[in-house]
*Asks:* 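Just dropping this structure here.
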Amino acid sequence: MIRALVLDIEGTTSPTASVRGDLYGYTRSRLPGWLAENAEGAAASIIEATRVQAKRPDADVAEVADILIGWLNNDVKSEPLKLAQGIVCAEGFRSGAVFGEFFADVAPALRAWRHRGMELYVYSSGSVRNQKDWFEFARGGELLSLISGHFDLSTAGPKRERSSYRKIAGAIGIPGDQLLFLSDHPDELDAAVAAGWLAVGVSRPGEPNPPREPHEWISDFRDVELP
Ligand SMILES: [Mg+2]
C-alpha cells in the first residue's frame, strides 16, 4: 500500500525551462540591484561569505554579484548563493514578477491524491524556501497547502544517493515500500529503488532526460496507479 508520494519538481511537476529560465533569469536580473540596495543590511553577510568562498576579499558589490551569477550559471553549490537566491526570489514571487509553473495535470492530481488520503512531499535540489514559494505562488492558485513537507540537498542529501532516500523515509516516518517517488531522472529513480522505495519515471514532452529501463515511465500524473 502506498501511503505517501514524494515529488521531484524540475521535469516532473514543472517544466525545466520555467525553473532554469524564469526563476534563474529573475535572480540574474535582480541580484545585482538587491545586493547594492542592501549592502549594509540583509545582504552584508552574503557579500562577505561570497568574498570568502571566492577568495576575493577585495571584491566590490558589483564583482560579488558577478561571482554569484557565475556560480548560479554553473550550478556551483554555495551557501551565500542559496541564501541570496532565496531572498531575491521570495521578493519576486511576492511582487508577482515570477510564479510557480506546473504542468496542467499536476494540480488536479495533487488534489485527487490528497482526497484519497495520500501524504505529499517534495524533494528537489532547489532550497526548501524556494520550493515553498514555488507551490504557494503557483500560477493557477496556491498548492502549498497540499504538501506535508519539503526536502532539499541540505536536509536530505544528493538526489542520486540511496542514503538520501533512507533519510527522507526516516524523517517522514513511513517505510520505503510504502513511498512512491516520481522523478524525470533515471539516476534518482535508481537511488530511490536502491533504498527500497517504489519509483515511477515521468517523461514529459520537451523535457531533457530520456526514460531508461528498468523503471516504469508515465507522461501524465493521471497515469499514476495507486494500488
Ligand atoms: Mg527533475
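Whatever order the structure lists them in is the order used to number ligands and atoms, beginning at 1. Values reported hereafter were calculated over all heavy atoms of this structure, with side chains retained and with hydrogens, waters and symmetry mates removed.
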*Asks:* Would one find more than 12 heavy atoms of other residues, nucleotides or ligands at under 6.0 Å from atom CZ of Arg162?
*Replies:*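 Open: at most 12 neighbouring heavy atoms sit under 6.0 Å from CZ of Arg162.
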*Asks:* Between Arg204 and Glu207 (salt bridge meaning N to carboxylate O under 4.0 Å), is one present in this structure?
*Replies:*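 Salt bridge flag = no for Glu207 with Arg204.
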*Asks:* Nearest heavy-atom pair of Leu81 and Val76: which atoms, and what distance?
*Replies:*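 Smallest interatomic distance, heavy atoms only, reads CD2-O, 3.9 Å.
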*Asks:* Please report the closest heavy-atom contact between Arg114 and Leu146, naming both atoms and the distance.
*Replies:*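 Looking at all heavy atoms of both residues, the shortest contact is CD-O, 3.2 Å.
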*Asks:* Between the side chains of Ser18 and Glu101, is a donor N or O closer than 3.5 angstrom to an acceptor N or O?
*Replies:*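 Looking only at side-chain atoms, Glu101 and Ser18 do not form any donor-acceptor pair under 3.5 Å.
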*Asks:* Around the Mg ion (ligand 1), list the protein N/O/S atoms within a radius below 2.8 Å, excluding water molecules.
*Replies:*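 Checking every protein N, O and S atom gives Asp8 OD2, Glu10 O, Asp184 OD1.
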*Asks:* To check you understand the geometry: which heavy-atom pair defines the closest contact between Tyr26 and Val88, and what is its length?
*Replies:*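 Taking every non-hydrogen atom into account, CE2-O, 3.4 Å.
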